[in-house]
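Shown next, in structure tokens, is the structure this report addresses.
Keep in mind the model is a prediction, meaning the values are calculated, not measured. Just so it is clear: chains get the letters A, B, ... in the order the sequence lines come, proteins before strands, and each one is counted from 1.
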Amino acid sequence: MNWPDIALALCGIIALYAAVRVVLEKDTMRKLPFLNVVSFAISGSIILLIPHPLAIVAAAAYFVGSTLESNAIASKYAGGPKNE
Amino acid sequence: MNEFLMIVFGAMVILGGIATIISRDLFDKLISLGIIVAGIMPFLADRGLLDVLTATALIAPLSTIFILMAIRRRADEP
Amino acid sequence: MSPEFVLGLVLILIGTVASAFPRPKTYLVQLINLEIPAWGLLLVMLSYNEALALLTFGGVSALSTFIYVRVIQKREGT
Amino acid sequence: MWQEFSIGVLLVFIAAVIAFFALVVEKDDLHRLLLLDLVEVSSLGIIALLGTDLAEALILPGLVVGIAELLALSQIYVIKEGFRDKVVQGLNIEVIQADAPLIISVLLICYGVVLSGFTGGGVAGLGVVFYFMARGHREHFELLEMASGISWATWIFAFFVFMFIPEYWMFALFLAAIGILLKVMVKLSLSATIWGDGNE
């Protein structure tokens, strides 16, 4: 077992732990940071799974998309922009 | 992808699906949907379909944002 | 059987049941539950490497979500 | 292989039966409209289980027919219930008001143009719809009509190239792909403007 396998396993464990925390958390606002942790871990494991230059583009696209999604949920939950 | 990772990401997908069904709040449902998408992405990467992965990763948040349009914001509710 | 296939079938089944009989019976809950079998179908297509169908299905499902959201908005008046 | 196919067909068929049963029992019209998508998913699942190029060739027309049917039925529903003139709001949050819609739309449209064909048209059309939803739109129907006419002309020209100078078939194939890309993109972006009122 060499080091990329260990890193990949770590990413998987972090993602699963954060997912369990998201499901178990009661408060909606506290779920969102753990969702970001999930997206970090998944982006890392995408890059580690395939050693290819395009994998970096794909991981960046997933990261941007996931951040946009959680930002939109948080912004809607808080009730829109302040200066209105 | 070895068996350990398959079990981990598969467990994420199933966990997200069950959490989406049983939670009552609409925002909680959308967040759990995000976990399903996150669990699917490594499977897409494992097949080597990087173009599909890029497109899916950009399309999935759009679907969530479209649903957010119809949800009433929290401040309006009593 | 590949893991994607099993996961996709499980998602299609539980998603169909959850979406056919949504628990708080509102339109938005049904719309969000409808996404689960869609992701399950995506996993089944992935297990057979149907890349073109995958891409098209992703785009079309997001568009149909948009149309449904517009209809629900018209109905509920928000 | 055969074992996998029969298990899959059995389970997806159970899902289809549940969906049709719910469709029969349901009374509310909008719930029925939502259940139509569920039926479509499980039927496409049975086709996808074939698992060859034939399945891919069958899924694409199924999706086209599905989206057209959904547009028509939703329009009929909205007009029948008299919601036609009701004003709806767009999404009013910080992320949308920044540059995010522009960047994502440009990315999706460029990617769709690279893909070309019906798939590319779908992806690019989604980008256009998202941009219209986020920024509002003014009526530029003459532009859309012009794009539609150009796509028809490209198609006919490609057909003639296929007929009379078949040695340039690659060029004709590219022309036809660009034509269908324009056509699908225009039609899908119409679905964002068809609802009457923008979100200014």
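- The OG atom of B/S32 lies 13.0 Å from the CZ atom of B/F27; values are rounded to the nearest 0.5 Å.
- Within residues 54-61 of chain B, the residues approaching chain D closer than 4.5 Å by heavy atoms are, in numerical order, B/A55, B/L58, B/I59.
- Note that OG1 of D/T119 and CG of B/D51 are 10.5 Å apart. Values are rounded to the nearest 0.5 Å.
- Atom-to-atom distance recorded for B/M41:CE and B/D46:CG is 14.0 Å, nearest 0.5 angstrom.
- Residues forming a salt bridge (charged side-chain N to carboxylate O under 4.0 Å, His left out) with D/K80 (at least two apart in sequence, or on another chain): D/D29.
- The line from CZ of D/F162 to OH of D/Y168 is 14.5 Å long, rounded to the nearest 0.5 Å.
- With rounding to the nearest 0.5 Å, the separation of CD1 in B/I36 from CE in B/M12 is 10.0 Å.
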